[in-house]
Student: 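Below: one structure in structure tokens.
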Amino acid sequence: MRIGVVSIFPSYLEPMRMALLGKAIDRGIVALDTYDLRDWTHDVHRAVDDSPYGGGPGMVMKPTVWGPCLDDVCPDDALLVVPTPAGVPFTQATAQAWSREKHIVFACGRYEGIDQRVIDDAAKRVRVQEVSIGDFVLIGGEVAVIAMVEATVRLIDGVLGNASSHQQDSFSDGLLEGPSYTRPPVWRGLEVPEVLRGGDHAKQQQWRREQSLARTRERRPDLLPPEQ
Ligand SMILES: N#Cc1c(-c2ccc3ccn(Cc4ccccn4)c3c2)n[nH]c1N
């Protein structure tokens with residue numbers, strides 16, 4: 001998978017070159033290109049924003065800068081992703097679908113966002129998805145991109161050491177993951193549940209399912225399947 005990210009703060013994206021994502025890049029599973037939007041500005045001040053039509057707070061990012069940039073960095077067969085608080089919710093299902101893409105380009109806005117005509121113009125040529133990572137407002141799109149890239153790339157074969165890891169994720173079966181434990185068996189007077197210390201794998205699987213259902217019922221009843 002090739003990933004392109006456009007930002008006015010490309011160094012904000014450097015965490016994606018560390019740890020597991022960095023290893024996926026080193027192993028050629030993922031290629032990451034970051035672009036500085038200001039390289040497409042055309043004035044001495046390298047302006048990327050302007051006042052909003054119709055008034056309102058803040059500034060809006062210029063179509064005359066974003067348009068030529070996306071023309072250059074986003075080929076017709078790529079998926080263009082635009083993080084925005086007004087986007088469709090990004091979910092595990094989104095990550096699953098994106099993990100099968102060959103090329104994804106992320107457009108990181110700042111200020112009050114990107115002139116809508118940039119998205120409308122791009123949609124004439126490429127697939128565009130405006131997505132949100134949650135019901136809160138960030139300062140820009142970079143943090144959202146890092147989160148979405150992690151969630152997506154970890155699902156690509158070969159990225160996670162233990163292939164089955166992501167099959168037991170929270171949300172992979174629609175439920176929240178239950179509690180996890182490791183040694184010592186007793187810590188500060190707290191014991192690891194007996195069933196996990198034994199060897200009956202069928203009982204352990206049943207226990208884990210019950211814990212997932214209980215936790216989901218308590219924290220995210222909206223995720224429960226109808227019969228639960
Ligand atoms: N994904 C996602 C996001 C964002 C997000 C993403 C991109 C941008 C580009 C600018 N801003 C600031 C901003 C403030 C006010 C109104 C519009 N935009 C962004 C915020 N916030 N919360 C999410 N779940």
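Start at 1 and go down the list; that is how both ligands and their atoms are numbered.
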Student: Classify the ring geometry between Trp98 and Phe106 as parallel (under 30°), tilted (30 to 60°) or perpendicular (over 60°).
Tutor: perpendicular
Student: What's the shortest distance from atom 14 (C) of ligand 1 to any protein heavy atom, and which residue and atom give it?
Tutor: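 For atom 14 (C) of ligand 1, the nearest protein heavy atom is Val137 CG1, 3.5 Å.
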Student: Just how far is it from atom CE of Met148 to atom CD of Gln129, taken to the nearest 0.5 Å?
Tutor: 10.0 Å
Student: Using a strict cut-off of 4.0 Å, indicate which atoms of ligand 1 neighbour a heavy atom of Ile139.
Tutor: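 Those of ligand 1 that fall under 4.0 Å from Ile139 are 10 (C), 11 (N), 12 (C).
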Student: Counting non-hydrogen protein atoms only, what is the nearest one to atom 5 (C) of ligand 1? Give residue, atom name and distance.
Tutor: Pro85 CD, 3.4 Å
Student: Give the contacting part of Ser132 toward ligand 1: side chain, backbone, both or neither, where contact means a heavy-atom distance below 4.0 Å.
Tutor: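 For Ser132, backbone and side-chain atoms both sit under 4.0 Å from ligand 1.
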Student: Look at the side-chain heavy atoms of Ile, Leu, Val, Met, Phe, Trp and Tyr, link any pair under 4.5 Å apart, and say whether Phe136 and Phe90 land in one connected group.
Tutor: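 Yes, one cluster joins them.
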Student: Touching ligand 1 at all, Val82? Heavy atoms, strictly under 4.0 Å?
Tutor: no
Student: Going through the distances and angles, do Arg117 and Asp115 end up as a salt bridge (charged side-chain N to carboxylate O under 4.0 Å, His left out)?
Tutor: CA-CA 5 Å; Arg117 291 170 295 177; Asp115 185 301; 2.7 Å; yes
Student: Under 4.0 Å from any heavy atom of Val131, which atoms of ligand 1 are there?
Tutor: 1 (N)
Student: Is there a nitrogen or oxygen of Pro83 sitting under 3.5 Å from a nitrogen or oxygen of ligand 1?
Tutor: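 The answer is no, given that Pro83 and ligand 1 share no N or O pair closer than 3.5 Å.
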Student: Considering both backbone and side-chain atoms of Ala144, is one of its nitrogen or oxygen atoms within less than 3.5 Å of a nitrogen or oxygen in ligand 1?
Tutor: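 No - when backbone and side-chain N and O of Ala144 are compared with those of ligand 1, no distance drops under 3.5 Å.
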Student: How far is atom 23 (C) of ligand 1 from the closest protein heavy atom, and which atom is that?
Tutor: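 Checking every protein heavy atom, the shortest distance to atom 23 (C) of ligand 1 gives Phe136 O, 3.4 Å.
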Student: Does Ile114 approach ligand 1 within less than 4.0 angstrom via side chain, backbone, both or neither, non-hydrogen atoms only?
Tutor: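 Under 4.0 Å from ligand 1, Ile114 contributes no heavy atoms.
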Student: Test your reading of the model: is there a side-chain donor-acceptor pair from Thr216 to the backbone of Leu176, 3.5 Å cut-off?
Tutor: yes
Student: Polar contacts were defined as any N/O atom of the residue lying under 3.5 Å from an N/O atom of the ligand; does this apply to Leu138 and ligand 1?
Tutor: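 There is such a contact, yes.
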Student: Suppose we screen for side chain to side chain contact (heavy atoms under 4.5 Å, CB included). Which residues come up paired with Pro179, at least two apart in sequence or across chains?
Tutor: Tyr181, Trp207, Gln211, Arg215
Student: Side chains of residues 27-35: which donor-acceptor partners sit under 3.5 Å, not counting sequence neighbours?
Tutor:
from: Arg27; atom 1: NH1; to: Gly158; atom 2: O; distance (Å): 3.1
from: Arg27; atom 1: NH2; to: Gly158; atom 2: O; distance (Å): 2.7
from: Asp33; atom 1: OD1; to: Arg2; atom 2: NH1; distance (Å): 3.2
from: Asp33; atom 1: OD2; to: Arg2; atom 2: NH1; distance (Å): 2.6

Student: Output the distance between atom NZ (Lys62) and atom CG (Asp49), rounded to the nearest 0.5 Å.
Tutor: 8.0 Å
Student: Would a distance-only check, ignoring hydrogens and angles, find a side-chain to backbone donor-acceptor pair under 3.5 Å from Ser99 to Gln96?
Tutor: yes
Student: Looking only at protein heavy atoms, which one is nearest to atom 16 (C) of ligand 1, and how far off is it?
Tutor: Glu112 OE1, 3.7 Å
Student: Tyr111: heavy atom below 4.0 Å from ligand 1, yes or no?
Tutor: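 Yes.
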Student: Heavy-atom pairs closer than 4.0 Å: do any link ligand 1 to the side chain of Asp135, the backbone, both, or neither?
Tutor: neither
